[in-house]
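Beneath this line is the structure, given in structure tokens, with notes to follow.
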Amino acid sequence: MSDVLIREVGLRDGLQLVKNILPTEKKIKWLNKQSLLNFQEIEVTSFVPKKVVPQFFDAKIILNEANKISNLTSSVLVPNLFGAKKALELNAQKINYVLSASESHNKANVNKDINSSINELNEIVNYNNNLEKKSSISVAISTSFGCSIEGKVSPNKVLNIVEKVTHLGVDEINIADTVGYGNPYNVKYLFKHVIEIAGKDKIFAHFHDTRGLGLANVIAVLELGIFKFDSSLCGLGGCPFAPGASGNIPTEDLIYLLKTQGIHTGINLNSLLDFCKFIKDWFPDEKLEGKMSKAGLPVGF
Ligand code: ZN
């Protein structure tokens, strides 16, 4: 039983900046291990062109493997309609389409303006609606608080996008603080208004720990009744437009935090920390984050 939905994004957000390609069999091992540990949803790969991010050369294989695992929702990132069609053909259960609240970040990331991105999302939703077996469509609004090109992003800009994508009929909206411009104060403000537009159930929170406030932001949205989070094992990840920035909030630290608040996660933290050791061995050249994998559980926890 679980009160929260924790979506592991290490295999996508985490891996996208890792220069050495993680061998396919290790990705599959990661996938299977984490689902055995009771994770209900994993963002398993990304359908970006191979020449843009070579790490995801095996997207098709990984998605096929993920679909073999029962009780797992496998989601995949898509940057455009072309990627979405490919993923839907391969029976992706959930499509995560990404756009940015910062115009310059959107341009740098997907090479179009925000309005064109929203129009393309509309095409994806329509395409999916016409399929015999529909998938869930999720949209991630990255740089929702700020970006390293434009600086602070105004909440009204984000709310305007939230209104438009809600109107399109997406199943889920992921408010993402891609490079750590969020703090408990502005996070609470934005999420409160996003909830007013889209309702609590549709909303995911995606925090990076760039400036050390990732878990503080989790507390801020928990107080608003948001219980769906993205996180990455050992905090693997970053942002291509913010060199040196740290990655997502570490999954194991998030779970520890939730457990201390009496929130059921359905995940055994000891077993997860054991698995973190494997992950650390796999990435000797990466600077991994996270406190729990270093300190371990408190005595008697
Ligand atoms: Zn991210």
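Index from 1, following the sequence. Read the numbers this way: they start at 1 and go in the same order the structure lists the ligands and their atoms.
Taking the side chain to side chain donor-acceptor pair (under 3.5 Å) definition, one finds that Asp113 meets it with Ser116, sequence neighbours left out. Listed by chain and number, the residues in a side chain to side chain donor-acceptor pair (under 3.5 Å) with Ser232 amount to none (sequence neighbours excluded).
Note on Asp13: its N/O/S atom closest to the Zn ion (ligand 1) is OD2.
Residue side and main chain included, Asp230 places no N/O/S atom under 2.8 Å of the Zn ion (ligand 1).
Seen from the Zn ion (ligand 1), atom NE2 on His206 and atom NE2 on His208 lie at an angle near 100° (rounded to 10 degrees).
Ser135 and Gln93 get closest at one heavy-atom pair: CB-O, 3.5 Å.
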Exercise. Test side chain to side chain donor-acceptor pair (under 3.5 Å) on Ser35 and Asn71 and set out the steps.
Key: CA-CA 8 Å; Ser35 82; Asn71 305 323; over 6 Å; no

